[in-house]
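Heads up, the thing below is written out as structure tokens.
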Amino acid sequence: MNSSCIIAIVDDDQSIREAMGDFLRSYGYESRSFSSAEDFLTYGERPLIDCILLDVKMHGLSGLELQAILRSGKNPTPIIFMTSHQEDAIRKAAMEAGAHAFLGKPVDLRLLIGHLEKLLGTR
Amino acid sequence: MVRLWKWLPGERSTIEQENDVALAIAAVSNAFAVFLIDTFTTIESAVAVFYVIIMLVAADFLSRLGILAAAAMCATLCVTSFFLSHGIDNDLATFLRLVGSLSALIITTALLFKNETSRLALLASHNRTRSSEYRYRSIFKQSGVALWEQDLTALNALLEDLRSNGVVDLCAYSRANPDFSKTCTDAIRTVAVNDAALEILGSITHEQALGPISRFIPHDCPSLFGFVNAFFNGQRRFESKGRIRNFHGEESVILMAVEFPEDQSGLDRIVIGLVDITEREAAQATMMAAQAELARASRASAVGALSASLAHELNQPLGALLMNAQACLRWLNRNPPDLNAAIRAAERTMRDGERASQIVKTTKAMLSRTPIASEKVDLLELVEETRTLLEYEIERQNVSVDLMSPPNLPPANASKSELQQVLINLITNAMQAMEEAGSRVRRISVRLSTSETGFVVMSVSDTGPGLSSEAIENVFEPYFTTKPFGMGMGLAICKSTVESRGGKLSVRNNDNSGATFEIALPVESKGRLTRMYDVPQMVARIG
């Protein structure tokens, strides 16, 4: 197992964070959970994160705003969006801003694992 | 002004005036002749009686005052010649002759005076009639309301004929004789129209408007039959909305009103008032269509907003639940299985499932927060009201809506406003089905009845194409629709509405054509209500 591969889960729904964390663990991925974009931005070990699973609509900064902030830095971390608001305009904006994928909720788990394997390699 | 002459200036032509003058000269010269004969001859008779003849001639051109003056003159002449010829000493016979002459003169004068008085009264009455007729004509002509003068004598004869042949119910007779309306429109003849009516009839000339009204009234126009029936039944007034086809074949909607005369004397000139309400009707139709569209749109958007919010609310726990279940399986499938991790995942699965079911419960509670109380609903009244509400559409699509009900139908226990929505939905669906299929016969029959199981039943049958077997199975399912732009919510909502009142909504195809939707509702009875959950087996039999 490559312990240097860490996935960040940024979602304001606690049950989603817990379920996603355990689900990723069952596939051998390590994860960190954040209940808001602000939490994530203040996280000290942000450079260690290899991929972000990001909700679009959250209290405070939205997923798209976080994406914009991260994009302004060097080597932005790949982002996979997860949302129940699958409006085309949001999807388009996210993809144009360089998102790796834009998944609807409930997340198609096989599709998610496929994207993660492409990004991080098989665990 | 003192006037001796009978005629007013300008009342007599020149020849007549000359005649009058000649008569006057003749009368005066005759009077003079009689006076001479009476005075200077010794004829022993009442020559003075000849004055009477002169009075009769003079009455032709003298006024009442003139008659009196002429009589006074004649009497004076008579008396003068008496004294001139006989002196003051007279025998009785001579004196009686004078009295006889004077009496004849007085009686004649009185009669002539009375005759002239009657003539003047007659003249005044004639003048009043003439001015009344003139006033009527000018109102008729100038009125902004279109007025039609019809001769109903032929129609009256036709109806009298039917009556003497034993026809009592004209509706039944008309159903049995489809040509009856045509015969009626041929029998009613226009005898006069005003300018406003000419405009309604297509800006035609007065002559073009005269004759049988069959050229202007389509004989399937229901108000025509209403008019004939009102006349047949001896009603005094009739008002109705109808259709009129103008000279160029364009139809317009009119409001007509007529007052029938008390006796038959005026039947050759019945005035019918017409108001063109085509534009008003069109505006009303547009408004109703807009309202219907708004209602549909707001229902669609309410359903849309609700399902979007529900979907979003449910997505979170469902997504978490799926991930937990997947993780649980993976922990169990490990070699060796990680049971502790699997148990934790299974526990979270349960928790998320409960959260989802809680959302559904809350939504349901929220939606049924203000249930409308059940009430006593008179179904007959409801159907009639609904038919009136949909009158415009029903008429526009040329559909007939029949209503059949047994006497003493018990009231249903339901919400009237809800039930009306259901009925509107069913009738509208039926009309659309018949319209889309281009059905030739377009009849909707609403039958009310009671079932042996204590329900009051309202069935709505149409003569459309009926439903496919797939549609019969699924017609009440949400999102099932056969319409190109349908949402598939109407009947699903109808069904849940009826069921929420303890009733049942079912559908079947008719033996010959079309489909029948049947609503069974609990009978409203004081105290206890029959409810579906009280008597499940009964309801099962109804469907």
Side-chain angles (χ1 to χ4, degrees), chain A residues 1 7-31 33-36 53-59 62-63 80-91 101-117 122-123, chain B residues 297 300-364 366 478-479 487:
Chain A
M1 226 182 262
I7 300 171
I9 304 164
V10 186
D11 196 311
D12 58 0
D13 189 305
Q14 192 197 343
S15 57
I16 292 278
R17 290 198 301 274
E18 284 176 15
M20 184 61 84
D22 196 42
F23 172 75
L24 293 178
R25 200 160 65 83
S26 75
Y27 274 88
Y29 294 109
E30 201 180 322
S31 67
S33 287
F34 304 93
S35 64
S36 70
L53 297 181
L54 181 57
D55 190 11
V56 176
K57 284 199 177 158
M58 290 180 291
H59 301 300
S62 77
I80 296 175
F81 278 100
M82 312 178 296
T83 180
S84 355
H85 302 274
Q86 294 194 63
E87 287 117 44
D88 280 342
I90 299 178
R91 168 189 290 273
F102 193 92
L103 304 177
K105 277 181 180 178
V107 176
D108 182 332
L109 297 176
R110 226 172 304 168
L111 205 60
L112 173 66
I113 291 300
H115 282 299
L116 289 177
E117 283 173 353
T122 317
R123 297 296 98 188
Chain B
S301 79
V303 172
L306 181 70
S307 53
S309 118
L310 250 187
H312 176 66
E313 287 283 318
L314 286 173
N315 268 341
Q316 299 287 72
L318 282 181
L321 190 147
L322 285 173
M323 284 188 281
N324 285 323
Q326 179 73 15
C328 180
L329 278 178
R330 285 190 67 88
W331 296 131
L332 290 173
N333 276 334
R334 283 217 169 176
N335 196 10
D338 186 340
L339 289 182
N340 283 333
I343 288 169
R344 280 196 303 276
E347 281 170 353
R348 285 196 311 273
T349 309
M350 287 233 352
R351 188 193 63 192
D352 293 330
E354 270 162 18
R355 183 175 153 202
S357 90
Q358 192 56 47
I359 291 169
V360 173
K361 271 186 208 156
T362 315
T363 310
K364 241 172 115 175
M366 190 179 75
Y479 309 114
M487 243 193 21

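All chains are named by letter (A, B, ...) in the order of the sequence lines, taking the proteins before the strands, and each is independently numbered beginning at 1.
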Using non-hydrogen atoms and a limit below 4.5 Å, what part of residues 336-347 of chain B faces chain A?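 Heavy-atom contacts from residues 336-347 of chain B to chain A are B:Ala341, B:Arg344, B:Ala345.
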Within residues 320-330 of chain B, contacts to chain A at heavy-atom distances under 4.5 Å involve B:Ala320, B:Leu322, B:Met323, B:Asn324, B:Gln326, B:Ala327, B:Arg330
Taking a cut-off of under 4.5 angstrom between non-hydrogen atoms, the residues of residues 103-116 of chain A near chain B are A:Lys105, A:Pro106, A:Leu109
task = Applying side chain to side chain donor-acceptor pair (under 3.5 Å), name anything that partners A:Glu18, two or more places apart in sequence or on another chain.
result =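 Partners of A:Glu18 under the side chain to side chain donor-acceptor pair (under 3.5 Å) test: A:Gln14, B:Arg351.
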* Value rounded to 0.5 Å, distance of CD1 in A:Ile16 from CG in B:Leu318 ->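 Atom-to-atom, A:Ile16:CD1 and B:Leu318:CG are 9.5 Å apart.
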Using the side chain to side chain donor-acceptor pair (under 3.5 Å) rule, take B:Arg348 and A:Ser15 through it: C-alpha gap first, then chi angles, then the decisive distance, then the call. CA-CA 8 Å; B:Arg348 285 196 311 273; A:Ser15 57; over 6 Å; no
